Amino acid sequence: MPSEIPTMLDAGFIRDNLAAVKANCVNRQAAHAEADKVVEFDDRRKKLVSETQILQQKGNELSKGIPAEKDPAKKQALIAEGKAIREQVAALEKELKQVQADLHAALLTIPNMTHPDAPVGATPADNKVVSKWGVPTKFDFVPKDHVALAESLDLADFEAGASVTGQKFYFLKNEAVLLELALIQFTMQKLVKRGFTPVITPDLARVEVLEGIGFMPRDPNPETRQVYTIADSDLCLIATAEITLGGMLRDQILDEATLPRKYVGLSHCFRTEAGAPGRDTKGLYRVHQFTKVEMFGFCTPEQTEALHLEILAIEEEIFQELGLPYHVLDTCTGDLGGPAYRKYDLEAWMPFRGELDKTTGKPTGDYGEVTSTSNCTDFQARRLNIRYKGPNHKGTRVVHTLNGTAVAVTRAMVAILENYQQADGTVKIPEVLRPWVGRDVITRK
RNA sequence: GGAGAGGUGGCUGAGUGGUCGAAAGCACCGCUUUGCUAAAGCGGCGAUGGGCCAAAAGCCUAUCCGGGGGUUCGAAUCCCCCCCUCUCCGCCA
């Protein structure tokens, strides 16, 4: 058979664990998941495959005999018979192709399985706080939000961003520029010391790579499509370096001795923010383009849990060293994306998020997502066709992939500006960034 | 962007219509020989799907020579489209 279309979950796995898969789909709020269809299509596929193979075998044997046949009449008869077989095979293959396409479409509706300890729940409200660090910042003066700070300290130009590119684009200026570069340096240096290989990735990638990671760039509806596509090409602007870092090793067979492989990638990220119209319209919290340093790991199933916790620990360390209060959420089943087996979100304290206080009319402050880390097990690697070979098993096995944000610059900047502001309107620079920013405080020009 | 060359197993590389999944070499694994090392000899060594088997081992079978389509009883080999790499030229940060 022509090589199978790589699938997200393995159809055989779904067949063998149908009840568990269906229960998981319910927990994941995947109402449109078609697990039964997967089994049905896969049955038909198998049947067609073996029918085709029997015919092909017949045809192969026949062909083999033709050169030896000396009698011209008999030879012609054999050729005619071969022709008939070829036509039957072609018909079966056409049918098979359709079934494979149906199967693939059904498979796309099935999310990854879920870590047994992940909280079961429907909405973000069911995410479970698993740890907390620091104390939400209190001010003994009237604080400003980061937009006001950026304006008074001349750190960003949102009007110019809107004018040149559009709403939710921005120019960074002055210390904000140095802050971005400092955040990159701070995290890169840390990760390199931890054995991560630094990478600067392309900011664009092919549609197939996006799909392999779990994005849906072919979403025909521009109202819901999450990524920007480049006209007249099969390229998209990447939404995260997870896409390019995962794609980096696609179609490769890795040596088990080289696992786990850990990379830290720098890229720009582009997001249409479809489905979030009117949310967080001001400032840097939700923007169409930002810079991000991303961790990405390839490992064996045995290593996957430890690597996930390692990535989470690094994310926590980064925010501890930045001195930003945060908590960590264990993402509930209903809030996990398709590819994630388990996901932790790290949310930093942001004084200007949250509900408006009814008496003062001012925000009460809330935690806002700054980084996250997902263990995608073999979900992405199966589609990207990334496998490994080792001495203790025959053939190849699919690797596991994990990702985590080291720093998403704009979100970190929101947290820094708002938490580090002082009564005189200046903003202190977190200690660990000072060597790269080159100063201790951001002051009025 | 223009002209040319080329994409074959982990690597090098032969193969231009039929016992070719593919010579040979390297690498790798096993065995033998040899004070050790080294070397030599012999053997093994691709992926994916399907089937047999309780399962593993093993066996059988189909498909895969950059990707897709076509011609043919039969394609690595012929034709078309696409992608990629290399060389030269042009352009350019």
Side-chain angles (χ1 to χ4, degrees), chain A residues 1-17 38-104 107 200 202-212 230 232-236 244 247-259 261 268 298 378 381-399:
Chain A
M1 268 310 77
S3 65
E4 300 289 307
I5 301 163
T7 51
M8 291 187 152
L9 275 186
D10 184 47
F13 175 86
I14 293 174
R15 170 195 307 281
D16 296 341
N17 301 276
V38 167
V39 175
E40 186 188 321
F41 288 136
D42 196 46
D43 284 340
R44 281 204 58 211
R45 184 188 62 85
K46 279 189 181 175
K47 198 163 152 260
L48 281 169
V49 165
S50 55
E51 278 174 29
T52 309
Q53 289 191 353
I54 289 163
L55 272 177
Q56 279 169 326
Q57 190 181 348
K58 227 169 110 187
N60 286 345
E61 275 159 17
L62 189 79
S63 289
K64 236 182 257 181
I66 289 179
E69 183 55 64
K70 292 291 177 263
D71 182 329
K74 281 186 186 162
K75 195 163 184 166
Q76 279 313 308
L78 287 177
I79 288 173
E81 198 183 332
K83 202 165 189 163
I85 289 174
R86 190 191 57 173
E87 276 159 14
Q88 292 177 57
V89 169
L92 283 178
E93 278 182 343
K94 196 178 160 200
E95 209 177 324
L96 180 61
K97 221 167 178 173
Q98 182 57 50
V99 171
Q100 281 178 333
D102 292 344
L103 174 62
H104 186 235
L107 278 163
I200 293 178
D203 286 341
L204 290 83
R206 291 182 203 282
V207 164
E208 327 141 44
V209 177
L210 285 269
E211 286 180 336
I230 306 292
D232 303 320
S233 84
D234 65 343
L235 293 172
C236 307
T244 37
M248 190 165 71
L249 298 188
R250 77 176 172 131
D251 293 322
Q252 291 198 29
I253 297 171
L254 313 177
D255 182 349
E256 182 171 347
T258 68
L259 299 176
R261 289 215 211 173
H268 291 115
F298 302 88
D378 59 358
R382 180 168 281 115
R383 296 206 69 209
L384 292 166
N385 191 27
I386 307 173
R387 294 165 294 160
Y388 71 97
K389 259 182 156 160
N392 300 322
H393 55 92
K394 216 186 118 184
T396 54
R397 294 164 75 192
V398 181
V399 302

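Side-chain atoms are counted along with the backbone in the values below, which use heavy atoms only and exclude waters and symmetry mates. Being a predicted model, the structure only gives us computed values, none of them experimental.
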Which atom pairs, donor and acceptor, lie under 3.5 Å between side-chain atoms of residues 247-257 of chain A and protein residues at least two apart or in another chain?
| residue | atom | partner | partner atom | Å |
| --- | --- | --- | --- | --- |
| A:Arg250 | NH1 | A:Glu208 | OE1 | 3.2 |
| A:Arg250 | NH2 | A:Glu208 | OE1 | 3.4 |
| A:Asp251 | OD1 | A:Asn385 | ND2 | 3.0 |
| A:Asp255 | OD1 | A:Ala257 | N | 3.0 |
| A:Glu256 | OE1 | A:His393 | NE2 | 3.3 |

Subject >> Residue list, side-chain hydrogen bond (donor to acceptor under 3.5 Å, both in side chains) with A:Thr396, at least two apart or on another chain >> reply: A:Arg387
If I pick the [atom1] atom on [M] and the same atom on [N], what distance separates them, to the nearest angstrom?
N	M	atom1	result
B:U33	B:C26	C1'	23 Å
B:C11	B:U63	P	24 Å
B:U71	B:C64	P	16 Å
B:C88	B:C28	C1'	39 Å
B:C60	B:A75	C1'	25 Å
B:A27	B:G13	C1'	14 Å
B:G66	B:U12	P	14 Å
B:C81	B:G4	P	14 Å

For [X] and [N], what is the distance between atoms [atom1] and [atom2] respectively, to the nearest whole Å?
X	N	atom1	atom2	answer
A:Asp43	B:G49	CG	P	17 Å
A:Ile54	B:U63	CD1	P	13 Å
A:Asp251	B:G7	CG	P	20 Å
A:Asp42	B:G51	CG	C1'	15 Å
A:Leu48	B:G51	CG	P	13 Å
A:Arg206	B:G67	CZ	C1'	11 Å
A:Arg250	B:C84	CZ	P	12 Å
A:Leu235	B:C83	CG	P	12 Å

Original post:
Looking only at side-chain N and O atoms, does A:Ser50 come under 4.0 Å of OP1 or OP2 in B:U61?
Top reply: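 Result: no.
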Original post:
Does a nitrogen or oxygen in the side chain of A:Arg45 sit under 4.0 Å from OP1 or OP2 of B:G49?
Top reply: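 No.
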**OP:** Identify whether the distance between the nearest side-chain nitrogen and carboxylate oxygen of A:Asp43 and A:Lys46 falls below 4.0 Å.
**Re:** no
**OP:** Examine the base of B:G49 for any acceptor or donor lying under 3.5 Å from a partner atom in the side chain of A:Gln53, and report the outcome as yes or no.
**Re:**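 Indeed, a donor on one side and an acceptor on the other fall under 3.5 Å apart.
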**OP:** Could you run through nucleotides 69-76 of chain B and give me one letter per nucleotide, 5' to 3': B if any protein heavy atom sits under 4.0 Å from the base, S if only the sugar-phosphate is that close, - if neither?
**Re:** S--BBS--
Which atom pairs, donor and acceptor, lie under 3.5 Å between side-chain atoms of residues 74-89 of chain A and protein residues at least two apart or in another chain?
none

Original post:
Who are the salt bridge (Lys or Arg N to Asp or Glu O under 4.0 Å) partners of A:Arg261, not counting sequence neighbours?
Top reply: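 Salt bridge (Lys or Arg N to Asp or Glu O under 4.0 Å) list for A:Arg261, sorted by chain: empty.
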Original post:
Is the closest side-chain donor-acceptor distance between A:Asp102 and A:Gln98 under 3.5 Å?
Top reply: yes
Subject >> Atom pair CD (A:Gln53) and CG (A:Asn60), whose distance is rounded to the nearest 0.5 Å >> reply: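 A:Gln53 CD to A:Asn60 CG: 10.5 Å, rounded to 0.5 Å.
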Original post:
Going from CD on A:Gln56 to CD on A:Glu93, what distance comes out if it is rounded to the nearest 0.5 angstrom?
Top reply: 5.5 Å
Original post:
Relative to the 5' end of RNA chain B, which residue comes earlier, A:Arg387 or A:Gln57, by the nucleotide with the nearest heavy atom?
Top reply: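 Whichever sits nearer the 5' end wins; that is A:Arg387.
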Original post:
Pairing of RNA chain B as dot-bracket, 5' to 3': ( ) intra-strand, [ ] crossing, | other strand, . unpaired, with Watson-Crick or G-U pairs under 3.5 Å?
Top reply: ((((((((.[[[..)..(.....]]].(((((.......))))).(((((((.....))))))).[[[[[..)....]]]]])))))))....
Subject >> Closest non-hydrogen atom pair, A:Val398 against A:Ala381 >> reply: CG1-CB, 3.5 Å
**OP:** Could you check A:Val399 against A:Asp378 for side-chain contact (heavy atoms from CB on, under 4.5 Å), going step by step and ending with a plain yes or no?
**Re:** CA-CA 6 Å; A:Val399 302; A:Asp378 59 358; over 6 Å; no
